Amino acid sequence: MNGARHRFALGFTCFILVCITAVYPFLLYTPNNFVTRWREWYIETAMGTMTHQWLATWFIPHDIINDVMLKRYLMNRNQAGLESTWEPETDPADETPTTPRGQFLSRFSELDAESFDAFIQQNPEYIEDGYDKIDIDLVGDDPTKKRYDTGLWTTQGDPVVAINAEYGILIAQIAGEDELGLEYAGKLAFCHQPERVSVGLCEGLFSYGSFVSDMARDYDAMLAVNASGFADYEGNGTGGIPYGFLKSEGREIQGAEGGDWKIIGFDNEDRLQIGAFSDTSSLRDAVEFWPVLILNGENIIRNAGLNDAQPRTAIGQTKDKTAMFLVVDGRKTHSFGITYAGCGEIMERYGAYQAAMLDGGSSSVMVYNGREITSPTTLSQNPEGRYLPDCFVVK
């Protein structure tokens, strides 16, 4: 018996040595595209955190980490000095539809008219109280669902899962896969009443955070997404201390962090502004994060080259001031995650004139009509996500 145990121990030790001397160098230095993608993803995931960079630095040589992080450095350098500008507003052409249907479709311009007419023909109860009272909620109770067939489609071919005319909200399901066939899924919400968008604060700001669903309830919000990052000292943060600039309903609560970060928020004319502003008096609701995705109609992030698929949250706005909120699940079987560039492509596809990232990872969550309609990634697997300092709300 002792001989068998000795042989097993010796064999296991040899196996470990083979892994260290052969597999370990292969994983670190092979030019194989598949392995390189996963190696860079792991490094960027670890180094993109504030408190868990040791997950890469304790066993990966610094020269390899530096090569990977050079892409992030170049991205930040290319974003230096970026600041949104809005062209003067022009009077729209006098082509306002005269019928309730026409006015509704003109307002929700991302909605495919043919699919909407077919849907209403089969479900006439949705317009019994008029087009301005339409309230369609087809999201269901499973936030991990990524294959919808609601019969309603956007002009870009994505299924529509919710429309609320009173709040000016339309939500589409976004799904796809990257070049390696890794799938992603999430929700893209449009808000046609940007004056309703503000920054909601947690109850225990600077002490303890709240779930986004709790903040949505506190602000009587129909829609909410996570916003700021937060201080997470030694991984023990309570989610209550926001990181960077914070302004809510005209009240500045915290100054800017600066550096590569950008102030992101709405001004008094309901326009999304992005930049390192020294004068923030015209902003009414804003946070601070990075990077910029689209600036003044130009896709800034397209060629970043980062293998950084993660859970993501982004904010954007079209030229007609329609606010956009994108949340993509990640680190899940139904959705691996999405890159910065992927978020930029989705925002560009739907006509974003300005767009930027908000906090992502385990913080990413979208709440609609009182429930989470995306699937947050947390160690506790709590369906409500994690405790956070603030969020963008549509109230």
Side-chain angles (χ1 to χ4, degrees), residues 84 86 107-112 139 152-165 167-176 184-199 212 216 221-227 262 264-267 269-274 285-287 289-302 311-329 338-360 364-368 373-374 391-395:
S84 57
W86 287 83
R107 184 185 184 194
F108 291 95
S109 58
E110 64 279 351
L111 177 62
D112 176 72
V139 178
L152 283 169
W153 302 92
T154 69
T155 56
Q156 300 297 314
D158 295 307
V160 175
V161 297
I163 303 175
N164 186 291
Y167 286 80
I169 292 173
L170 181 146
I171 302 175
Q173 172 70 10
I174 300 295
Y184 64 83
K187 304 292 192 303
L188 175 62
F190 301 84
C191 177
H192 292 273
Q193 298 178 28
E195 67 275 10
R196 289 183 177 268
V197 180
S198 63
V199 172
V212 171
M222 178 60 70
L223 178 75
V225 301
N226 63 291
K262 310 295 183 185
I264 305 162
F266 293 89
D267 64 17
E269 297 181 32
D270 306 318
R271 299 173 303 187
L272 183 64
Q273 301 287 3
I274 303 169
D285 290 272
V287 297
F289 212 77
W290 66 282
V292 181
L293 300 177
I294 296 175
L295 194 80
N296 309 326
E298 180 183 354
N299 189 328
I300 303 297
I301 204 74
R302 178 181 287 112
R312 299 288 184 197
T313 302
I315 185 172
Q317 191 176 39
T318 63
K319 244 186 169 180
D320 68 359
K321 295 186 180 181
T322 299
M324 303 162 66
F325 300 95
L326 173 67
V327 174
V328 175
D329 296 337
I338 191 169
T339 64
Y340 291 145
C343 291
E345 290 172 4
I346 293 170
M347 287 292 190
E348 183 179 37
R349 183 156 54 94
Y350 278 99
Y353 190 65
Q354 315 287 359
M357 298 304 303
L358 300 173
D359 192 19
S364 288
V365 64
M366 180 180 290
V367 173
Y368 177 70
I373 63 171
T374 58
C391 62
F392 276 104
V393 295
V394 179
K395 62 178 183 176

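Position 1 is the first residue of the sequence, and the numbers go up from there. Predicted model only: the values in this text are computed from it and were never measured.
- Within the 4.5 Å cutoff, the side chain of Asp329 has no heavy atoms near those of the Tyr184 side chain.
- In this view, Phe289 and Trp261 satisfy the ring-ring contact (aromatic ring centres under 6.0 Å, His included) rule, not counting sequence neighbours.
- Between Met357 and Ala314 the shortest heavy-atom distance is SD-CB, 4.0 Å.
- Of the candidates Asn226, Val212, Ile373, Met366 forms a side-chain contact (heavy atoms from CB on, under 4.5 Å) with just one, namely Ile373.
- Closest of all the heavy-atom pairs between Thr318 and Met324 is CG2-SD, 3.7 Å.
- Taking CZ of Arg312 as the reference point, atom CG of Leu358 lies at 11.5 Å (rounded to 0.5 Å).
- Between the CG atom in Leu293 and the CD atom in Glu348 there is a gap of 10.5 Å [rounded to 0.5 Å].
- To the nearest 0.5 Å, atom CG of residue Asn164 and atom SG of residue Cys191 are 10.0 Å apart.
- Counting heavy atoms from C-beta on, the side chains of Phe325 and Leu223 come closer than 4.5 Å.
- Using a 4.5 Å heavy-atom cutoff, the side chains of Met222 and Arg196 are not in contact.
- Ring geometry for Phe392 against Phe266 counts as perpendicular: the plane angle is over 60°, on a 0 to 90° scale with 30° as the lower cut.
- Under the 3.5 Å distance criterion, the side-chain polar atoms of Lys321 are matched with a main-chain donor or acceptor of Glu269.
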Show me, pair by pair, the donor-acceptor contacts under 3.5 angstrom made by side chains of residues 156-163, not counting sequence neighbours?
unit_1 : atom_1 : unit_2 : atom_2 : d
Asp158 : OD2    : Arg349 : NH1    : 3.0
Asp158 : OD2    : Tyr350 : OH     : 2.6

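- Annotation for Ser364 and Thr313: closest pair OG-OG1, 2.9 Å, computed over non-hydrogen atoms.
- Atoms CG and OH, from Leu295 and Tyr353 in turn, are 8.5 Å apart once rounded to the nearest 0.5 Å.
- Just one of Val367, Val328, Val327 meets the side-chain contact (heavy atoms from CB on, under 4.5 Å) condition when paired with Thr374; it is Val327.
- Here the closest non-hydrogen pair linking Pro291 and Ile301 is CG-CD1, 4.0 Å.
- In this structure, CG on Asn296 lies 8.5 Å from CD1 on Ile274, to the nearest 0.5 angstrom.
- When all heavy atoms of Gln193 and Gly168 are compared, the pair lying nearest together is NE2-N, 3.5 Å.
- Inter-residue side-chain proximity for Ile174 and Ile338 is flagged as unmet; no heavy-atom pair is nearer than 4.5 Å.
- Considering every non-hydrogen atom in both Val199 and Asp285, the closest pair reads N-OD1, 2.9 Å.
- Contact check for Asp270 versus Glu195: side-chain heavy atoms found under the 4.5 Å cut-off.
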Candidate pair Ile171 and Val139, rule side-chain contact (heavy atoms from CB on, under 4.5 Å), full reasoning
CA-CA 9 Å; Ile171 302 175; Val139 178; 5.5 Å; no
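- Residues Gln273 and Ser84 bring a donor and an acceptor atom of their side chains to less than 3.5 Å of each other.
- The aromatic rings of Phe108 and His192 lie perpendicular to each other, with more than 60° between the two planes, well past the 30° mark.
- With sequence neighbours left out, Arg107 forms a salt bridge (charged side-chain N to carboxylate O under 4.0 Å, His left out) with no residue at all.
- Counting only heavy atoms from C-beta outward, the side chains of Leu272 and Ile264 approach each other to under 4.5 Å.
- Side-chain contact between Val287 and Asp359 is absent, with no heavy atoms from C-beta onward closer than 4.5 Å.
- Here CD1 of Ile294 is found 9.0 Å from CD1 of Ile300. Values are rounded to the nearest 0.5 Å.
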